[in-house]
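When a ligand or atom number is given, it counts from 1 through the structure's own listing order. For the numbers below, each heavy atom of this structure counts, side chains included, while hydrogens, waters and symmetry mates do not.
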Amino acid sequence: MEWSADNIALIENSLRKGGLTMTTIHNLGFPRIGVQRELKHAVEAYWAGKQDAAALENVGRELRARHWQVQASAGVAHVPVGDFAWYDQILEWTTTLGAVPARFGQPEGAPVSLDTLFRMGRGRAPTGTPAAACEMTKWFDTNYHYIVPELTPGQTFRIARESLFDQVREAQALGHDVKPVIPGPLTWLWLGKGDSFGAGAGDEGKLALLEALLPVYEDVLARLAKLGVAWVQVDEPVLVLDLPPAWKQAFQAVYARLAASPVKLLLATYFGGLRDNLQWAAALPVAGLHVDLVRAPDQLQPVLAALGKDKVLSAGVINGRNIWRADLDAAQALLAPAAAALGERLWVAPSCSLLHVPVDLAKESGLDAELRGWLSFATQKLDELSLLARALGGSPDPAAQRALAAQRDALAARRQSPRIHNPAVAARLAKIQAVSRDRAPFAERIAAQQAALSLPAYPTTTIGSFPQTAEIRGLRRDWKSGALGDAAYEEAIRAEIERVVRFQEKAGLDVLVHGEPERNDMVEYFGELLAGFAFTQNGWVQSYGSRCVKPPIIFGDVARPAPMTVGWSAYAQSLTSKPMKGMLTGPVTILQWSFVRDDQPRQETCRQLALALRDEVVDLEQAGIRVIQIDEPAFREGLPLRRDDWRAYLDWAVDCFRLSTAGVRDDTQIHTHMCYSEFNDIIASIAAMDADVITIETSRSNMELLEAFEDFSYPNDIGPGVYDIHSPNVPEVDWMVGLMKKAASRLPKERLWVNPDCGLKTRAWPETEAALASMVEAARQLRQAA
Ligand code: GLN
Ligand code: ZN
């Protein structure tokens with residue numbers, strides 16, 4: 001029997017007659033990209049002028065219809081509407097509110113067009129004048145990026161797009177009971193930025209905009225009510241953050257006012273516990289509250305106590321941030337008291353929107369059956385919810401009982417699988433405290449390194465990758481598909497390495513790199529060579545706009561069956577007498593950009609990664625590589641949402657970096673790279689990583705962001721990026737000299753390196769050659785002036 005909305009209703013009725021209640025299941029949001037990334041392909045074709053707006057609208061409509069159907073068939077009551085977005089859900093809402101920055105030339109009073117939305121997201125669209133895109137930044141602690149609302153004092157708002165209402169009607173016409181989903185006013189303001197406001201998200205000045213904003217919220221809610229909508233989900237994930245007092249007060253005032261609206265509000269919080277916000281947030285005058293019980297199961301009891309006697313509790317018990325099958329017995333045990341206490345007022349849901357997981361496991365034909373049995377993507381998570389609701393109802397039908405038993409078996413099999421447990425890794429981890437994390441003091445190391453490397457003042461280097469031409473990507477593709485044999489592939493990659501080495505020698509760079517032509521992606525490359533990783537064929541997750549990523553899955557103990565980079569690096573070193581830098585991705589970054597196992601703490605997995613990398617570092621050293629870079633671009637984004645949790649994270653993250661690097665001699669130089677520049681809060685931990693050289697992004701901030709390093713008297717070497725690799729523009733020599741002089745006014749010049757902001761893989765050769773030639777010239781002038 002199909003588990004459709006209709007027979008849910010039937011069963012609900014029969015259960016009620018028998019004195020039982022059926023727990024409502026609902027969903028906070030569904031991935032919009034489509035299982036074949038249809039949305040990506042459609043918007044990209046539209047941007048390229050290969051498909052018109054009507055065709056694009058059709059694809060959107062089809063995807064929405066399909067996704068609503070998937071949800072309704074799983075028994076989801078009130079399917080979410082408003083989770084669909086052409087580019088980003090915050091941008092959808094920003095344009096709905098009419099908050100379009102002046103440079104996009106939005107005519108007053110006119111509806112905001114789709115092309116204006118695209119221009120805000122990416123600077124250009126098939127029609128309209130190109131303008132600087134709005135800033136994009138990470139969505140809480142996920143790898144999704146949203147478009148930052150731009151705020152100005154005195155700004156006005158109005159309903160400037162109809163898409164939300166249109167989509168409500170669209171879903172209703174398909175027979176669905178809908179629950180619109182909108183960002184809450186406080187979360188939207190918190191995420192916004194403006195020159196007239198402080199840099200911190202919590203700037204109080206932004207709250208003054210509420211006066212103009214709230215009437216538009218009231219209008220939206222009134223219009224939704226007119227469409228027959230009963231529930232509206234208002235997302236306020238900022239409730240899991242450290243909120244300044246003014247924001248806490250604003251929550252009370254805002255929801256006291258919105259309580260008068262003619263719909264029921266479900267206030268949704270996710271990505272963590274409410275903690276100090278729990279008492280008052282649970283008492284806000286809304287009809288329902290959603291809480292994340294995956295990240296914070298302990299908050300169930302206090303939430304129940306604070307909830308009041310009429311409110312619906314939506315319990316987020318299926319992990320919306322990871323891809324493992326859920327332990328439904330544990331979820332049932334957790335929720336049983338709540339089900340008894342709340343009856344029909346208990347709803348169950350994923351912990352957060354399913355935006356952060358791939359669409360459908362059924363499309364994964366490449367995974368072996370055992371591994372597949374452990375996994376659950378968005379579509380499967382809804383089936384899990386449905387099962388959980390039936391289990392909570394007390395008398396699951398035979399089909400549900402069979403499904404529950406199968407789920408139990410799959411989990412038990414996973415726990416015992418020899419594919420997860422590697423005794424050698426366990427034995428090594430048991431003795432991890434004895435593994436050294438300490439090297440000699442930096443002063444001793446750098447002296448030994450200078451003797452070994454004899455580098456000039458202001459040494460020049462690059463971050464690792466060189467242009468990845470279509471030809472190189474073609475080589476890798478053909479080799480993977482088997483069209484190109486191992487020997488031919490190796491020969492072609494070697495030729496590319498030689499070309500990159502010869503170029504760097506000619507350009508006069510001091511520490512060379514091999515260019516990374518063998519790497520598709522800095523995490524995937526290592527994941528494919530390490531044990532304990534699996535890769536999906538279609539496990540796409542939206543990262544930003546039309547861009548999707550396919551995170552590896554770390555399912556078991558991580559081990560390194562064989563060296564991963566030594567062959568390529570040793571070959572590159574054999575071509576030159578200059579030092580060749582070995583190039584690795586750090587443990588925290590590999591962890592951060594993968595789906596990680598949920599059966600052990602994250603730091604445990606990170607330590608396993610660190611030990612595997614340590615072996616690689618030692619092998620590189622033994623192969624004659626004297627400079628080794630361990631990239632940690634995701635180090636900062638791993639920071640927990642709450643300050644109280646920072647210390648613990650930073651301690652293990654720093655420890656893992658040191659574990660991976662401390663196996664080398666004093667005269668082997670360890671570099672790290674982080675492509676951002678906000679170090680104010682974490683500079684002590686960056687220093688504690690104790691890399692000999694750190695390269696960072698600074699060119700766009702005019703070296704001002706070196707202040708954190710200056711104030712801390714950062715002791716080790718540092719390479720502040722002198723030009724922005726995101727732009728094809730060739731930087732001027734004088735400009736780079738000027739930047740380095742600014743750097744030298746903040747930090748000892750003996751500690752400074754000269755390098756670009758990040759890797760060059762997205763650049764083309766001509767501009768790369770010109771830019772690096774200018775950069776080397778800048779270093780030469782700096783040395784002369786010194
Ligand atoms: N070594 C990598 C590269 O050069 C670093 C990439 C990054 O920082 N994201 O591409
Ligand atoms: Zn970078």
Side-chain angles (χ1 to χ4, degrees), residues 136 138 143 145 460-469 472-473 476 493 496-497 500-501 503-504 509 511-527 543-544 547 549 551-552 564-565 568-569 572 580-594 613 616-617 620 625 627-638 657 660-661 669-679 686 689 691 693-701 705 718-727 753-765 767-768 771-772 775:
M136 178 171 81
K138 284 173 69 70
N143 282 329
H145 301 72
T460 53
T461 191
T462 60
I463 307 305
S465 57
F466 266 75
Q468 292 233 338
T469 55
I472 296 175
R473 288 196 299 269
R476 285 197 309 260
I493 294 290
E496 178 60 26
I497 291 175
V500 169
V501 171
F503 163 72
Q504 293 172 91
L509 283 145
V511 173
L512 310 195
V513 297
H514 77 287
E516 306 178 20
E518 77 287 12
R519 301 185 193 177
N520 36 357
D521 172 275
M522 63 188 291
V523 170
E524 194 174 333
Y525 178 78
F526 290 94
S543 171
Y544 64 87
R547 216 188 123 87
V549 295
M564 304 180 284
T565 62
W568 300 123
S569 286
M580 174 60 55
K581 184 155 66 164
M583 203 58 62
L584 304 173
T585 303
V588 177
T589 297
I590 295 181
L591 184 82
Q592 201 59 33
W593 291 350
S594 301
L613 288 163
E616 184 75 10
V617 167
L620 280 168
I625 304 298
V627 182
I628 301 165
Q629 176 171 310
I630 293 133
D631 289 323
E632 282 290 22
F635 188 87
R636 191 177 202 289
E637 71 182 48
F657 185 84
S660 53
T661 52
Q669 188 166 69
I670 298 291
H671 289 216
T672 190
H673 165 69
M674 301 184 178
C675 26
Y676 48 83
S677 45
E678 300 150 53
F679 291 99
I686 299 298
M689 289 167 75
V693 183
I694 181 171
T695 56
I696 59 173
E697 176 196 305
T698 33
S699 68
R700 281 182 289 186
S701 72
L705 292 155
I718 175 164
V722 289
Y723 77 89
D724 176 14
I725 57 87
H726 298 97
S727 150
W753 287 61
V754 180
N755 47 261
D757 263 355
C758 194
L760 302 164
K761 76 179 195 188
T762 55
R763 294 272 56 88
W765 268 105
E767 75 237 24
T768 299
L772 290 177
M775 190 186 86

Spatial distance of atom OG1 (Thr698) from atom CG (Asp757) [nearest 0.5 Å]:
5.5 Å
Could you give the distance from CD1 (Ile630) to NE2 (His673), rounded to the nearest 0.5 Å?
13.5 Å
Which N or O atoms of ligand 1 sit under 3.5 Å from a protein N or O, and how far apart is each pair?
unit_1: ligand 1; atom_1: 1 (N); unit_2: Ile463; atom_2: O; d: 3.1
unit_1: ligand 1; atom_1: 1 (N); unit_2: Glu516; atom_2: OE2; d: 2.9
unit_1: ligand 1; atom_1: 1 (N); unit_2: Asp631; atom_2: OD2; d: 2.7
unit_1: ligand 1; atom_1: 4 (O); unit_2: Ile463; atom_2: O; d: 3.4
unit_1: ligand 1; atom_1: 4 (O); unit_2: Ser465; atom_2: N; d: 2.8
unit_1: ligand 1; atom_1: 4 (O); unit_2: Ser465; atom_2: OG; d: 3.1
unit_1: ligand 1; atom_1: 8 (O); unit_2: His673; atom_2: NE2; d: 3.1
unit_1: ligand 1; atom_1: 10 (O); unit_2: Ser465; atom_2: OG; d: 2.7

Calculate, to the nearest 0.5 Å, the distance between atoms CG and OG1 belonging to Leu613 and Thr565 respectively.
9.5 Å
Identified side-chain contact (heavy atoms from CB on, under 4.5 Å) partner of Lys581 from the options Val627, Ile628, Thr462
Val627
From CE (Met674) to CE (Met689), nearest 0.5 Å:
3.5 Å
With the Zn ion (ligand 2) at the centre, find the angle made by SG from Cys758 and NE2 from His673, to 10°.
120°
Check this for me: does any side-chain nitrogen of one of Glu637 and Lys138 sit under 4.0 Å from a carboxylate oxygen of the other?
yes
